[in-house]
Amino acid sequence: MNHTAARTYRAVHWLTTRLQESLQEARRRPDRGDVSTTTVIIWVAAVTGAVMIAGTIAVVIAKYNGKLNGL
C-alpha cells in the first residue's frame, strides 16, 4: 500500500507541476496560437479508429482463444 500511495503522490505532484509550468508558459507567451478545429477532428478520428481496431482485435482473440491454444 505504501508503494501505491508514494507512486500516486509522485504522479499527482508531477501532473500539478506540469500544469503550473504550462500555465506560466501560457501567461508568458500568449501568442502561441490555437489548435485548429480540423486538427482536433483529425486527432479524434485517429484515436477513435485506433480504439475500434484494438477492440475488434481483442474481441476476435477472445472469441477464438480456445482454438488458438493448440498453435
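Please read all numbers here as calculations on a predicted model, not as lab measurements.
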Check your understanding: Does Arg10 have any side-chain hydrogen bond (donor to acceptor under 3.5 Å, both in side chains) partners at least two apart in sequence or in another chain, and if so, which?
Key -> none
Check your understanding: side-chain contact (heavy atoms from CB on, under 4.5 Å) with Leu23: which of Glu21, Gln20, Arg27?
Key -> Arg27
Review point. Honestly curious: do Ile53 and Ile61 fall in one hydrophobic cluster under the side-chain, below-4.5 Å linking rule?
Key: yes
**Study point:** Distance in Å, Thr48 OG1 paired with Trp43 CH2, rounded so as to fall on 0.5 Å steps
**Key:** 12.5 Å
Check your understanding: Of all residues at least two apart in sequence or in a different chain, which pass the side chain to side chain contact (heavy atoms under 4.5 Å, CB included) check with Val59?
Key -> none
**Study point:** Partners passing salt bridge (charged side-chain N to carboxylate O under 4.0 Å, His left out) against Arg18 (at least two apart in sequence or in another chain)
**Key:** none
